[in-house]
Every structure is written in structure tokens, then in C-alpha cells.
Amino acid sequence: MKNNLVNLIGGGSRMLIFLVTIPLLIKFMGLEKYGLWILLTSIGNVAMLLDSGLTGTSMFFVSKSITSQSKELNKVITSLFLINSIIVLIIISVFASSSGCIRDLFFSEISFNISGAIVLIGVYSSILISHNVFIGIIQSYENFLTVNIIKFSFLLLLNSGLVILVYNDFDFFKLTLWMVFCSSLALLFYIRFALYYVKFKNYRWIYSKESFKEVTNFSLNTWLGYAGNVLFNQMDKIILGLIGTPYILGAYAAIISITTYINSLATVGLQPLIPQVAKLYPKLEKNKVEIFKNFSFSLEFNTAFVFSLGLLMMPFLSYILYGIMDIEKNAVDLPFYFFIAIVIYSLNSLYVPGFYSLMAIKESRTVGRIQFLSAVVALFMVYILGNKYGLLGAIIGNGGFIISYYFNFKMSHVLKSNYLKWINTIIVYIAIYIIVVFFYSLYFDNLIIKLILTFTGILTFLVLFFKRNIDTIKTKSSK
């Protein structure tokens with residue numbers, strides 16, 4: 001419970017940074033230039049496809065090796081370092097050799113030179129991947145607070161600097177150079193704390209072919225799961241960059257860059273579920289009831305949280321777009337499109353408990369296939385609907401990711417031999433959310449009614465959650 005709250009508070013604070021800085025970046029850049037900036041960063045973030053789920057992999061193997069001999073831990077860490085080094089070299093080589101092709105394909109009509117920025121965005125992505133190895137090591141010792149403090153400090157420094165640089169009209173090269181500097185600084189802190197926990201004095205470089213093979217296989221099986229999520233979150237902007245105008249891309253990025261944090265907060269809030277379930281799973285028959293309690297609690301916690309977060313945003317959509325972001329009003333009903341995106345992302349985020357539970361019981365191959373399928377279907381829908389209906393079609397296309405609900409069905413079957421058990425756990429929350437959203441759509445232009453609906457909906461979710469889980473909360477809080 002403590003780690004869930006630490007991650008949620010950390011994720012919430014990082015979300016606030018983005019909620020403040022993204023509108024300022026749009027205001028100072030303009031919507032079209034912001035669209036090009038998002039296209040550039042999305043191209044860099046595609047390199048995160050090679051992440052191979054390093055955070056989850058390092059958490060799994062390091063936490064499993066902590067109680068064993070230090071020699072085994074040294075083997076695992078050596079394997080993780082090797083895998084990370086190979087990935088980093090691949091990314092930097094690809095971006096250095098293909099910057100010209102990327103420029104010609106996506107940025108041929110812009111007047112300034114962007115090749116250097118393309119190379120630097122690749123370097124930035126490779127450093128972020130290195131973050132994940134050390135984050136996983138630190139979190140293996142259940143120190144989520146340290147990770148959240150570093151993440152918050154890194155993003156505060158990074159985004160504050162970007163706003164200042166954009167305000168002073170710095171070019172993309174200097175913006176990406178700043179990103180590389182900040183990420184490198186954060187990496188040093190992650191390394192420092194990771195080495196402290198693994199007792200660096202006792203660390204020895206021990207290469208084990210068996211350990212390397214085991215870690216690599218797990219990482220590759222995990223890869224599709226995390227790759228599907230990265231593919232979905234980045235390729236949609238690249239697709240719109242190819243089929244849409246800079247204005248449509250900028251408007252889409254402005255909306256999705258905020259709504260995607262509903263999913264991100266759900267993800268960080270439930271990361272502690274991995275070590276909890278992983279410890280209980282080896283004795284599945286004995287611990288089935290306890291595992292399902294953890295899974296069921298996480299389902300309700302996640303559902304109440306993402307629905308409340310969505311409702312909290314809804315009354316202020318016009319102000320965010322036209323007041324803070326200073327986007328010029330036109331015939332496009334951006335606040336209503338924003339509303340649709342929030343509803344879709346809130347519903348999409350319900351898959352997260354099943355995702356982490358399956359990862360914890362080494363069902364990473366199943367997770368990978370379904371997550372990848374979900375991403376491909378969603379991207380296909382973004383392309384088809386975006387081509388036909390423009391911005392609204394692209395936003396609705398995000399709904400294709402709902403295929404990931406399969407994770408919850410699968411986990412319910414593993415624990416209860418009943419695929420529908422998870423729906424029974426949260427059906428009341430879903431019904432309440434649908435009713436509130438329905439009335440929102442009827443009174444979309446009435447701020448007072450929207451505020452009343454938000455307050456009523458959030459209060460109902462909180463009362464329902466605490467009423468149904470008070471004993472579990474007391475148990476978890478006492479540990």
C-alpha cells in the first residue's frame with residue numbers, strides 16, 4: 001500500500017509538471033511548431049521499443065537474487081549491464097547513420113537544419129533506457145521513494161529548462177542538447193543509488209552464459225508487452241505526421257499528451273503489484289486466495305483512481321486549451337474532442353492490474369502478444385479513422401487498445417477459473433462512470449453542472465472503494 005501511494009504521489013507530481021509545462025510550450029511555440037517538436041520526440045521515443053522491458057526484467061531478477069548468494073546477484077547485474085550496453089550502441093548507431101533519411105521523410109518542408117537534433121534525440125532515448133536498468137535495481141529493494149524523487153527532480157529541471165529555452169526562441173538542436181544533459185545527470189544519480197543497494201564493494205563482474213541467456217530470454221519475452229505500449233504511444237503521432245497537417249498533429253499531441261497520463265499514473269501506481277504477486281506465485285495453489293485479494297484490490301483501486309482522475313480534468317478542458325495553451329478558437333470543437341479522449345483513456349487504463357499480475361507470474365509472452373496486437377489494432381484505427389474523419393477519428397482510434405482487457409480475463413481464469421470474475425469486481429464503478437459521462441455530454445457547456453457531476457462522481461468512487469476495501473486497507477497499512 002505504501003509503495004502504491006508513493007508511486008501515485010510521484011506520478012501525480014510529475015503529471016503536474018507536464019500539465020504546467022506542456023501548455024506553456026504550446027503557447028510559446030505555436031500549435032504547428034509544437035506538432036513538429038512532438039513528431040521529433042516521438043521518433044526518438046520509438047527507440048524505446050528496444051527497451052525490452054528492462055525495468056520489469058531487472059526488478060524480477062534482482063529481487064529474486066537478493067536472498068541468494070551475492071555471486072548470483074553479480075551474474076544477474078552483469079547480464080543486465082551487457083544487455084543495456086548492446087541496446088544503447090544499436091540506438092546511437094541507427095540514429096547517427098539515418099538522420100538524413102529521417103529528415104527527408106518527416107521534415108523535408110521545414111527551413112532549419114534538424115539533422116543534429118535527430119541524432120541527439122536518439123542519444124537521449126538511449127540514456128532513458130539506461131535509466132530503466134538502474135530504476136529496476138533500486139525498486140527491487142522496494143525503495144520506490146528514491147526513484148520518484150529522482151524522476152520528479154529530473155523532469156522539473158528538464159521541462160523548466162525547455163520552457164525557458166523555447167521562450168527565448170532556441171532551436172531544436174539546443175532543446176535536444178538540454179534533454180541529453182538533464183537525462184545524463186539523472187542517470188548518474190540512479191547509478192549512485194543502485195550501486196549503494198547492491199553493495200558496490202562486493203560487486204564483481206561475473207559473466208555467466210546461463211544467466212545472460214535466462215535474463216535475455218525473459219527480457220525478449222517481456223519485450224512485446226512493453227514494446228506494444230511504446231508503439232501505441234509514439235507511432236500514432238508519427239502516423240498523423242504523415243497523413244495530417246501540422247495543425248492536426250499539434251492539436252492531437254496537445255490533447256493526448258495530457259490524457260495519456262491517466263494511463264501512466266495507473267501504471268506507476270500499480271508497479272508494486274509485481275513483487276507482491278511474484279513472491280506468492282511459486283506456491284500458487286496455497287496462495288490463490290491471497291493473490292486474488294491483491295489482484296481484486298488493485299482492480300478496484302485502479303478503476304476508482306483513473307475514473308476520478310478523468311472526472312477531475314473534465315470541467316476545465318476549455319480553459320486548458322484556450323486559456324493556458326492559448327490555442328486559437330476555430331470551427332474544430334477541441335474541448336469536446338478532449339472529453340472523448342479522456343473517456344477513452346480512462347476505459348483503456350482498466351487493463352493495468354491484469355498486465356502487471358501476468359508479468360509477475362512469468363506470462364510475459366502472452367502479455368507481449370496481446371499488447372502488441374492491441375497496439376497494431378489501435379494504430380490501424382488511428383490511420384483509417386484519422387484519414388476519414390481527421391482529428392476526431394484519430395482520437396477515437398485510440399479505443400482499439402481495449403483489446404488489452406484480455407489481461408484481466410486471463411488473470412481471473414488463472415486464479416478463479418472464471419474469466420468474468422474481474423468484471424464483477426468493478427462493474428459498479430463502470431456503471432457509475434458511464435452514467436456521469438452521459439450527463440456530462442448533455443450539459444457539456446454548463447460549468448456548474450459539470451463541477452457538480454465531477455464532485456459527485458469522485459465522492460461516490462471514494463466512498464465505494466473504502467467501504468468495500470476497508471479491511472484490506474487496514475491490513476496493508478499495518479505492514
Side-chain angles (χ1 to χ4, degrees), residues 8 11-12 14-16 18-19 22-23 38 42 45 226 228-237 239-240 249 251-270 299 301-317 320-321 325 333-356 370-371 374-375 377-382 385-386 391-408 426 429-430 432-434 436-438 440-441 444 450 453-454 457-458 461:
L8 281 176
R14 294 194 296 275
M15 181 181 177
L16 285 176
F18 283 104
L19 286 175
I22 287 174
I38 287 297
S42 294
N45 287 338
Y226 289 93
N229 201 30
V230 174
L231 185 70
F232 173 63
N233 286 328
Q234 305 304 329
M235 286 297 293
D236 56 343
K237 286 98 171 174
I239 288 172
L240 275 184
L249 174 59
Y252 177 87
I255 291 171
I256 298 300
S257 61
I258 293 176
T259 54
T260 192
Y261 277 92
I262 296 174
N263 181 267
S264 297
L265 276 176
T267 300
V268 298
L270 291 180
L299 276 169
F301 180 84
N302 179 63
T303 305
F305 176 75
V306 297
F307 285 171
S308 297
L309 185 59
L311 292 179
L312 193 61
M313 291 182 183
M314 287 179 183
F316 312 106
L317 304 182
I320 292 171
L321 292 167
M325 293 183 181
D333 192 358
L334 289 181
F336 186 72
Y337 293 176
F338 203 163
F339 168 72
I340 296 296
I342 288 173
V343 173
I344 289 172
Y345 268 81
S346 297
L347 292 171
N348 278 352
S349 299
L350 299 185
Y351 79 87
V352 175
F355 172 85
Y356 276 123
I370 300 301
Q371 190 89 321
S374 299
V377 170
L379 290 172
F380 180 73
M381 289 176 63
V382 167
L385 297 177
L391 177 59
L392 179 60
I395 290 172
I396 293 174
N398 285 257
F401 211 74
I402 204 170
I403 292 173
S404 291
Y405 278 17
Y406 174 82
F407 302 143
N408 292 332
I426 60 172
Y429 296 92
I430 295 174
I432 294 169
Y433 188 64
I434 291 173
V436 173
V437 165
F438 172 74
Y440 244 103
S441 63
F444 192 73
K450 288 193 295 185
L453 287 170
T454 289
I458 293 175
F461 290 138

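In this chain, residues are counted from 1 in sequence order. Computed from a predicted structure; not experimentally measured.
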Compare every heavy atom of Lys237 with every heavy atom of Ile256, then report the nearest pair and how far apart it is. CG2-NZ, 4.2 Å
For the side chain to side chain contact (heavy atoms under 4.5 Å, CB included) test, which of Leu347, Leu317, Val437 pairs with Ile342? Leu317
So with a 6.0 Å cut-off around CZ of Phe336, is the heavy-atom count from everything else above 12? no
Could you tell me which non-hydrogen atom of Ser308 sits nearest to which non-hydrogen atom of Ile458, and how far apart they are? O-CD1, 3.6 Å
Leu391 and Leu334: side-chain contact (heavy atoms from CB on, under 4.5 Å), yes or no, with the steps? CA-CA 9 Å; Leu391 177 59; Leu334 289 181; 3.5 Å; yes
Nearest heavy atoms of Pro353 and Asn408, plus distance in Å: C-OD1, 4.0 Å
Mind listing the side-chain donor-acceptor pairs of residues 395-402 below 3.5 Å, one per line with the distance, residues two or more places apart or on another chain?
unit_1 : atom_1 : unit_2 : atom_2 : d
Asn398 : OD1    : Tyr345 : OH     : 3.0
Asn398 : ND2    : Tyr252 : OH     : 3.1
Asn398 : ND2    : Ala394 : O      : 2.9
Asn398 : ND2    : Ile395 : O      : 3.2

Please report the interatomic distance CG(Leu249) to CD1(Ile239), rounded to the nearest 0.5 Å. 11.5 Å
In Å, rounded to the nearest 0.5 Å, how long is the span from CD1 of Ile344 to CG of Asn348? 7.0 Å
Verdict with reasoning, Phe307 to Val436, per side-chain contact (heavy atoms from CB on, under 4.5 Å): CA-CA 10 Å; Phe307 285 171; Val436 173; over 6 Å; no
Just verifying a value: how many Å separate Phe338 CZ and Met313 CE, rounded to the nearest 0.5 Å? 6.5 Å
At their closest point, which heavy atom of Leu350 faces which heavy atom of Leu299, and how far apart are they? O-CD2, 4.4 Å
If you draw the axis of the six-membered ring of Phe444, does the NZ or CZ of Lys450 fall within 45° of it and under 6.0 Å from the ring centre? yes
Search all heavy atoms of Ser404 against all heavy atoms of Tyr351 and return the closest pair with its distance. O-CB, 3.4 Å
side-chain contact (heavy atoms from CB on, under 4.5 Å) between Leu453 and Met314: does it pass, once the steps are laid out? CA-CA 10 Å; Leu453 287 170; Met314 287 179 183; over 6 Å; no
Find out whether Tyr433 and Thr303 are in side-chain contact, i.e. whether some heavy atom of one side chain is under 4.5 Å from a heavy atom of the other. no
Testing the basics here: between Ile255 and Ala341, what is the closest heavy-atom pair and its distance to 0.1 Å? CG2-CB, 3.6 Å
Any donor-acceptor pair under 3.5 Å linking the side chain of Asn302 with the backbone of Ser349? yes
Rounded to the nearest 0.5 Å, what's the gap from CZ on Phe305 to CG on Leu312? Could you check? 9.5 Å
Determine whether Phe461 and Leu311 satisfy the following criterion, side-chain contact (heavy atoms from CB on, under 4.5 Å), listing intermediate values before the conclusion. CA-CA 11 Å; Phe461 290 138; Leu311 292 179; 3.7 Å; yes
